[in-house]
Amino acid sequence: MRPPLEGKKILIADKDTSFGSVLEGYFLSLGATPLVVSDGVSALALFHERKPDLLICDLAMPQMTGLQLIEQIRTLDNEVPILVISATENMSEIAKALRLGVQDVLLKPMNDFNRLRETVFSCLYPVMFGSRLDEQERLFEDWDALVRDPVAASKLLNELQPPVQQVIAQCRINYRQLLSIDKPGLVLDIAQLSEDDLAFYCLDVTRSGDNGVLAALLLRALFNGVLQDQLVQQHHRLPELGRLLKQLNQLLRQANLTGQFPLLIGYYHRGHRRLVLISAGLNATLSVDNQHTELRSGLPLGTLNNTYPNQMSQHCDSWHCQIWGGGGHLRLMLSTE
């Protein structure tokens with residue numbers, strides 16, 4: 001069988017030569033031809049010379065930054081896929097990179113090579129594998145315009161709400177907005193993480209005006225990646241949702257989104273039959289086999305530098321969760337297939 005990346009030239013630009021060597025060995029094992037440099041100037045020269053099929057670059061590099069390199073390459077070639085792997089915590093840098101047309105942004109430390117492989121395949125074979133960041137690109141490419149136009153931001157958020165019934169990770173999920181209002185109130189997002197697990201969150205956008213809608217769009221773009229990274233760091237054990245809330249708090253501050261953002265996060269692993277719920281500002285009641293447990297709200301996200309959430313964990317094959325706050329009521333139901 002031919003190696004999956006046979007004949008593909010991958011240009012790797014990273015000031016960390018040790019990390020560059022790790023990527024070089026990994027892509028060699030997949031049949032690619034890696035071209036490794038440690039600064040942006042050398043990367044640009046090699047790009048002219050070898051015409052790679054994919055560029056992987058850091059953002060913090062000597063002589064020429066990653067953003068400067070991407071700008072230069074985009075003036076030469078609008079088609080070559082670009083993947084950023086960086087330790088940056090600057091949301092404006094990530095947004096600018098996406099606006100310049102990069103296919104994906106992965107954050108260091110990069111420990112999940114299955115995720116890296118999936119992302120590289122999506123970059124090189126978009127028709128076959130699709131792009132994991134299509135939606136994120138849509139959110140970020142016009143971020144500045146959304147900040148200036150709250151009506152457009154609210155409309156986009158409504159368009160991104162999940163279907164009321166769907167099957168994810170072999171679980172049947174449906175939800176009902178019990179209180180209908182014209183503007184976004186409780187915003188829900190649900191996503192599959194693997195064949196066995198899924199995550200969701202519910203955010204009340206009414207407490208912080210226009211910043212509430214922007215916070216919901218930001219979480220929509222970044223939540224899954226942040227949670228996936230934590231699962232890798234936990235060696236794929238159940239995630240520490242309290243730590244996740246602290247990371248989300250930090251992301252909101254970096255994006256200059258101030259206010260109170262009542263939030264509830266859930267994680268369900270079908271194989272372990274384990275549901276974990278954590279609340280930072282929303283009330284919830286969990287119903288399992290006619291047993292009802294209340295989860296008190298705790299302090300909303302954005303209130304303090306640190307969050308003091310309430311959490312519960314439950315073994316179950318099916319469950320109902322009532323969630324409520326100033327933005328209304330929502331009922332979320334799950335049952336395994």
Side-chain angles (χ1 to χ4, degrees), residues 115 130 132-136 138-139 156-180 184-205 212-213 215-231 236 238-239 241 244-245 247-248 251 261-288 295 301 309 311-314 316-325 327-337:
R115 184 179 173 193
R132 192 175 60 84
L133 270 197
D134 283 347
E135 184 177 289
Q136 285 88 332
R138 182 186 178 192
L139 292 172
L156 175 59
L157 182 59
N158 283 328
E159 291 174 357
L160 294 175
Q161 289 302 283
V164 295
Q165 294 184 355
Q166 58 183 316
V167 175
I168 300 179
Q170 301 183 55
C171 298
R172 186 172 301 279
I173 301 171
N174 60 81
Y175 73 94
R176 186 175 303 158
Q177 192 88 25
L178 300 180
L179 180 62
S180 178
L186 294 181
V187 173
L188 181 69
D189 188 20
I190 311 167
Q192 181 170 343
L193 301 174
S194 74
E195 292 182 356
D196 291 313
D197 59 347
L198 58 90
F200 61 90
Y201 65 83
C202 185
L203 178 72
D204 185 349
V205 303
V213 173
L217 290 173
L218 184 68
L219 290 181
R220 179 89 188 190
L222 298 177
F223 177 80
N224 285 6
V226 173
L227 182 55
Q228 288 277 18
D229 288 342
Q230 189 189 112
L231 286 170
H236 296 278
L238 295 178
L241 295 185
L244 176 66
L245 281 176
Q247 289 179 274
L248 296 178
L251 289 172
F261 308 100
L263 176 72
L264 180 138
I265 296 175
Y267 171 85
Y268 184 71
H269 195 291
R270 180 178 56 86
H272 298 324
R273 301 173 51 249
R274 173 72 74 174
L275 170 68
V276 182
L277 292 175
I278 189 166
S279 178
L282 285 176
N283 293 291
T285 298
L286 176 67
S287 301
V288 178
L295 179 64
L301 208 64
Q311 181 169 332
M312 70 167 62
S313 179
Q314 179 81 45
C316 50
D317 292 312
S318 61
W319 47 266
H320 293 183
C321 186
Q322 299 264 13
I323 307 165
W324 69 94
H329 288 66
L330 186 143
R331 185 182 186 193
L332 179 65
M333 294 153 279
L334 178 144
S335 59
T336 55
E337 287 282 88

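Note that the structure is a prediction, hence the values are computed from the model and not measured.
Between Leu219 and Leu263, the closest side-chain pair of non-hydrogen atoms falls below 4.5 Å. Within the 4.5 Å cutoff, side-chain heavy atoms of Leu198 are placed close to those of Cys171. Side-chain contact between Asn283 and Leu295 is absent, with no heavy-atom pair separated by less than 4.5 Å. Looking at Leu264 and Tyr201, their side chains never come closer than 4.5 Å, going by heavy atoms from C-beta outward. Contact check for Leu275 versus Leu334: no side-chain heavy atoms found under the 4.5 Å cut-off. Contact of the Leu244 side chain with the Phe223 side chain is registered, since non-hydrogen atoms from C-beta on lie closer than 4.5 Å. Residues Ile168 and Ile190 meet the side-chain proximity criterion, which asks for heavy atoms closer than 4.5 Å. Residues Ile265 and Leu277 are not in side-chain contact: their nearest non-hydrogen atoms beyond the backbone lie 4.5 Å or more apart.
In this structure, CZ on Arg172 lies 11.0 Å from CD on Gln166, to the nearest 0.5 angstrom. Note that CG of Leu241 is 11.5 Å distant from OG of Ser279, once rounded to the nearest 0.5 Å. Taken from CZ in Arg270 to CD in Gln170, the straight-line distance is 4.0 Å, to the nearest 0.5 Å. Between the CG atom of Leu157 and the CZ atom of Arg220 there is a distance of 8.0 Å, given to the nearest 0.5 Å. Distance check, rounded to the nearest 0.5 Å: OG1 of Thr336 to CH2 of Trp319 gives 12.0 Å. Rounding to the nearest 0.5 Å gives a distance of 6.0 Å between CD of Gln314 and CG of Leu286.
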Hey, mind stepping through Arg331 and Cys321 against side-chain contact (heavy atoms from CB on, under 4.5 Å) and telling me if it holds? CA-CA 6 Å; Arg331 185 182 186 193; Cys321 186; over 6 Å; no
Which is it for Cys202 and Leu282 under the side-chain contact (heavy atoms from CB on, under 4.5 Å) test, yes or no, and what are the steps along the way? CA-CA 8 Å; Cys202 185; Leu282 285 176; 4.2 Å; yes
Between Leu245 and Leu301, is the side-chain contact (heavy atoms from CB on, under 4.5 Å) condition met? List the steps. CA-CA 8 Å; Leu245 281 176; Leu301 208 64; 3.9 Å; yes
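Checking side-chain atoms of His269 against main-chain N and O of Gly271 turns up a donor-acceptor pair under 3.5 Å. A donor-acceptor pair is defined here as one N or O able to donate and one able to accept, closer than 3.5 Å; such a pair exists between the side chain of Gln192 and the backbone of Ala169. In this structure a side-chain-to-backbone donor-acceptor pair under 3.5 Å is present from Gln161 to Leu188. Here the side chain of Asn174 pairs no donor or acceptor atom with the backbone of Val164 at under 3.5 angstrom.
Closest of all the heavy-atom pairs between Leu203 and Gly212 is CD2-O, 4.2 Å. Val205 and Ala216 make their closest contact through CG1-CB, 3.9 Å (heavy atoms, listed as atom of the first residue, atom of the second, distance). Nearest heavy atom pair, residue Gly328 against residue Leu186, reads O-CD1, 3.2 Å. Considering every non-hydrogen atom in both Gly281 and Pro262, the closest pair reads O-CB, 3.4 Å.
Side chains of Tyr268 and Asp197: a donor-acceptor N/O pair is absent below 3.5 angstrom, by distance only.
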